[in-house]
Trainee: 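Before I ask anything, let me first share the structure, which is written out below as structure tokens.
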Amino acid sequence: MAEEYRRKISGEEAQERYIAIVKNKLDFFPKIGKPFTLKVKDKKFETTIQPHEVWTMGPKKPQQNYRIDAKPFWEIFPLHFGQSVHITKKKDDVYVLS
């Protein structure tokens with residue numbers, strides 16, 4: 001069975017146009033900031049895992065969250081609240097979004 005990252009899209013992810021990556025699944029992807037190919041339908045997009053600071057615990061305790069920017073492929077694969085997405089690893093630097 002192919003390796004896969006699964007996630008249900010939150011309202012914030014749909015509104016802000018990104019796919020959150022949970023910390024315990026970071027090892028599934030290339031290192032933070034390292035470019036990789038994400039195939040979406042019949043197109044290829046170069047993307048990265050991006051860190052994003054959140055201040056839910058106040059300004060003295062920022063947390064690091066991680067995400068893939070969905071804006072480049074939004075027109076062909078818009079994300080909706082509650083939608084299940086699957087990212088399958090095909091090669092070290094090639095992944096498929098479905």
Trainee: Taking all non-hydrogen atoms of both residues, which atom of Arg7 and which atom of Ile19 are closest, and how far apart?
Mentor: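 Heavy-atom minimum between the residues: CD-CG2, 4.4 Å.
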Trainee: Any side chain to side chain donor-acceptor pair (under 3.5 Å) pairs touching residues 35-52, not counting sequence neighbours?
Mentor: His52-Arg67
Trainee: Inspect the surroundings of CG in Asn24 and state if more than 12 heavy atoms from other residues, nucleotides or ligands are less than 6.0 Å away.
Mentor: yes
Trainee: With sequence neighbours excluded, tell me which residues meet salt bridge (charged side-chain N to carboxylate O under 4.0 Å, His left out) with Lys91.
Mentor: none
Trainee: If every non-hydrogen atom of Ala14 is compared with every non-hydrogen atom of Ile9, which pair is closest and at what distance?
Mentor: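 Nearest heavy atoms, Ala14 then Ile9: N-CG2, 3.7 Å.
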Trainee: Who are the side chain to side chain contact (heavy atoms under 4.5 Å, CB included) partners of Ser10, not counting sequence neighbours?
Mentor: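 For Ser10, the residues satisfying side chain to side chain contact (heavy atoms under 4.5 Å, CB included) (neighbours in sequence not counted) are Glu12, Glu13.
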Trainee: What residues form a ring pair (Phe, Tyr, Trp, His ring centres under 6.0 Å) with Phe77, not counting sequence neighbours?
Mentor: none
Trainee: Do Ile49 and Ile68 have side chains that get closer than 4.5 Å, going by heavy atoms?
Mentor: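 Heavy-atom side-chain distance check passes, below 4.5 Å.
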Trainee: Do you know the tightest heavy-atom contact between Asp92 and Pro30?
Mentor: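 Closest approach of Asp92 to Pro30, heavy atoms only: O-CG, 4.0 Å.
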Trainee: Just jot down the ring pair (Phe, Tyr, Trp, His ring centres under 6.0 Å) partners of Phe29, sequence neighbours excluded, or say none.
Mentor: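 Listed in chain order: Tyr5, Tyr95.
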Trainee: For Lys71, check side chain to side chain contact (heavy atoms under 4.5 Å, CB included) against everything at least two apart and list the hits.
Mentor: Arg17, Asp69
Trainee: What heavy-atom pair brings Ile76 and Val40 nearest, and what distance separates the two atoms?
Mentor: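 Closest approach of Ile76 to Val40: CD1-O, 3.5 Å.
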Trainee: Could you state whether Phe81 and Leu97 fall into the same hydrophobic cluster, counting links through intermediate Ile, Leu, Val, Met, Phe, Trp or Tyr residues with side-chain heavy atoms under 4.5 angstrom apart?
Mentor: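 The answer is no; the residues belong to distinct hydrophobic clusters.
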Trainee: Starting from Val94, can I reach Ile32 by hopping between I/L/V/M/F/W/Y residues whose side chains sit under 4.5 Å apart?
Mentor: no
Trainee: Quick check for you: to the nearest 0.5 Å, what is the distance between Gln83 atom CD and Lys8 atom NZ?
Mentor: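 Answer for the CD-NZ pair, Gln83 versus Lys8, is 11.0 Å.
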Trainee: Tell me whether Lys23 at atom NZ has more than 12 heavy atoms from other residues, nucleotides or ligands lying less than 6.0 Å away.
Mentor: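 Buried by this count: over 12 neighbours within 6.0 Å.
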Trainee: Taking Tyr66 as the starting point, is it possible to reach Phe28 by hopping between hydrophobic residues whose side chains are less than 4.5 Å apart?
Mentor: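 The answer is yes; both residues are in one hydrophobic cluster.
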